[in-house]
Amino acid sequence: MKRLATLAALAAALIALALPAVTGAAQSGNDVPKRIVALTPFAANTLAKLGVTPVGVGETLGGQTRLSPKLKNVTVLPLSHPNGPNLEQLASLRPDVVLSSRTWVKGNQAMEDLGIEVRVYEPLKIGRAYRDTYRIGLLVGKQRQARAQLKAMKKSVEAATKGIKSHPKVMLLLGVGRTPFTMLSNSWGGEIVIKAGGELLTGGVDSDSGFARISDELVVAENPDVIIAVPHANASDIPSLTEYLKDNPAWQSTSAAQNGRIYVSVDNSLLQAGTDIARTIRKVRSAYLKN
Amino acid sequence: MARRVSVFAALLVALALATVASLALGAVKVPFSDVIDILLGKGPGGPEQQIVEALRLPRTVEAMVVGAALGIAGAILQGALGNPLASPDVIGVTGGAGFGAILIIILFPGSIALLPVGALFFGLLAATLVFLFAWSGRNRGSVGKVILAGIAMLSLFTAGTTGLLAAYPERAPSAIFFIAGGLTSSGWEELQTIWPYFAVGFIFALLLIRPLDRLALGDDVAASLGSRPQLIRLAAGIAAALLAAASAAIAGLLGFLGLVVPHVVRMAGGSSSHTFVVPASAIGGAALLAGADTLARTLRAPIEMPVGPFMVILGVPLFLWLLRKAV
């Protein structure tokens, strides 16, 4: 009797210990989503690197050249405020999960109301990009590949940030217009510039959005060495936009204008995170910061 | 008479204070003594000199010119149309200018230097279309036709603007400040381009003061005194369109000033004579815009806010207080 009780207790303990693992395996086996829509270039390219082809990708700012060639035959969903993708088009793809952006707050809610799982993967910090890479891997049942991908990313970013020789003062602008916004340290572009060794000019301003319209007086007083503008324009607009920025009376006396270090970046890699983080940092260092 | 003189004096004091504040205050602290030295040509050089000479001074002058222009535009339109709700919006200028500016920002960002020209062109185009429709067919140039045509043009161009913003949402942030209204530290360049339109508009407005006083007596009385009411309305519309389009080209869509400032000076001065209202609206408008712009630049410095909301915050309490007293 005593032996039976001991055996029963042991069996109960074993079942209690094993149950989570069994159910977890069962969950990961059954719940790996088959039909994924990725609305951000980061999410789309991460899936491609993990060997997963989404059923739809979001149209990216600045065109589709930032997307992996592996995704060239994937349905592209145009994105617009406030929902992001057209919900009917999205629904027709029958997604199990949508990897979305915080920009589409209203749309994310609407997708969830349609019974679609929504996860936001749009990092504004490189550390967050590492984390989200792993989480996407976990989602699609490719943890091992995600860990390898993560390791490779960290290694390439470390290499890209080695040997920084100087730390020029940088003003990073969003848009051109008559009142461009300054990108702050909690924006993706700000994070890249800081990692590339730039001293980001923010006037000590914090803003949840990552952007702020900063007084031109501050620009004159802080005297940036480099000005990088990120407008929504075409490559052919770069010369005229550069001239326009140089003529701004607030900036004419800055070191940036005097030394011909006003640049216009149109590939949007400073606007939205992608998986090409190391390449973006290297480009910023060689083309703009020259450090 | 004494009341009008004291209102005038008060407006001049307000303008002087607003001007001093606009030059002395900003995101960067510049000692007041340095500001004076810089303006007198004895500046210490360096960033402070550039901030005062290249940023604050042109911006202050722009605020005064635009504020005066919008105040005058509202005053002469209200007089010409005999309608207290008349403003540059009514003749479609604001809508047209907004569309022209957004068109450049959104579709031709590489040609952003043409923004003031785009705003001016479409502002004047909208006003021209309003006058063409209002002066065609029966009841040519009647007040009702002008206002209805203006509202139609405003709706048309506003719809165009909204459509552009919806089609290119990622470019919308560049347009927000223009739509909300605000001055920029763009030096003297924009004024150098646009000043002829201001000049012609101001001259037209000055010449219209007496005819508008005659028109205020009624079309029949004005005609018997040798005036041509429809011609006066047309001339007032042209002057207002020039002033409002030029203002929008520089400062975006500032819709409150042209409507409310003339009423404020009328209620404060107790007179509707255009000899008083037009110049008083100019000074009042200049003071309001210069003061509001200073607030917009300094309240959350170094973040700059659009000036439109601050104009309303400053102007509405005074307007309501005067309105209560008048009623």
Side-chain angles (χ1 to χ4, degrees), chain A residues 59-62 79-82 84 103 173-182 201-207 209 211-223 229 231-245 247-254 264 266 268 271-272, chain B residues 25-30 46-56 58-59 101-102 104-106 108-116 165-178 180 182-190 250-252 296-298 300-306:
Chain A
E59 188 179 52
T60 56
L61 297 172
L79 302 174
S80 66
H81 287 279
T103 308
L173 305 171
L174 171 67
V176 176
R178 296 164 73 232
T179 50
F181 282 71
T182 302
L201 192 75
T202 64
V205 168
D206 277 320
S207 167
S209 65
F211 311 101
R213 166 73 187 136
I214 286 185
S215 170
D216 287 330
E217 292 186 12
L218 196 74
V219 178
V220 170
E222 293 279 334
N223 190 19
H232 295 293
N234 303 315
S236 56
D237 295 323
I238 291 176
S240 56
L241 282 172
T242 308
E243 276 310 304
Y244 173 77
L245 292 170
D247 284 341
N248 186 320
W251 304 342
Q252 276 171 357
S253 67
T254 60
V264 175
V266 295
N268 295 312
L271 276 182
Q272 262 185 316
Chain B
L25 302 173
V28 173
K29 278 193 176 54
V30 180
E48 286 187 352
Q49 178 137 357
Q50 200 202 352
I51 285 169
V52 174
E53 278 184 349
L55 301 184
R56 291 186 192 172
R59 190 160 173 156
I102 301 306
I104 299 289
I105 291 172
I106 300 256
F108 304 103
S111 304
I112 198 67
L114 294 178
L115 189 150
L165 290 171
Y168 296 89
E170 70 278 5
R171 299 184 183 188
S174 299
I176 286 171
F177 266 75
F178 186 88
L183 298 161
T184 61
S185 302
S186 51
W188 298 106
E189 199 178 306
E190 282 180 354
I250 287 180
R297 282 189 290 121
T298 56
R300 282 187 68 201
I303 293 178
E304 282 199 6
M305 320 233 345

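Chain identifiers are assigned alphabetically (A, B, ...) following the order of the sequence lines, protein sequences preceding nucleic acid strands; residue numbering begins at 1 within each chain.
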**Asked** Is there side-chain contact between P47(B) and N223(A), with at least one heavy-atom pair below 4.5 Å?
**Response** no
**Prompt:** At a heavy-atom separation under 4.5 Å, does I303(B) approach chain A through its side chain, its backbone, both, or neither?
**Reply:** both
**Message:** Side chains of V220(A) and V28(B), heavy atoms from C-beta outward: is any pair under 4.5 Å?
**Reply:** no
**Request:** Return the option, out of P302(B), A27(B), P306(B), with the maximum number of heavy-atom pairs under 4.5 Å with chain A.
**Result:** P302(B)
**Fill in**
Rounded to the nearest 0.5 angstrom, the CD-CG distance for E304(B) and L218(A) is 10.0 Å
**Message:** Between E217(A) (side chain only) and I51(B) (backbone N and O only), is there a donor and an acceptor less than 3.5 Å apart?
**Reply:** no
**Message:** Return the CZ to OG distance between R300(B) and S215(A), rounded to the nearest 0.5 Å.
**Reply:** 13.5 Å
**Asked** Are M305(B) and R213(A) side-chain neighbours, meaning at least one heavy-atom pair lies under 4.5 Å?
**Response** no
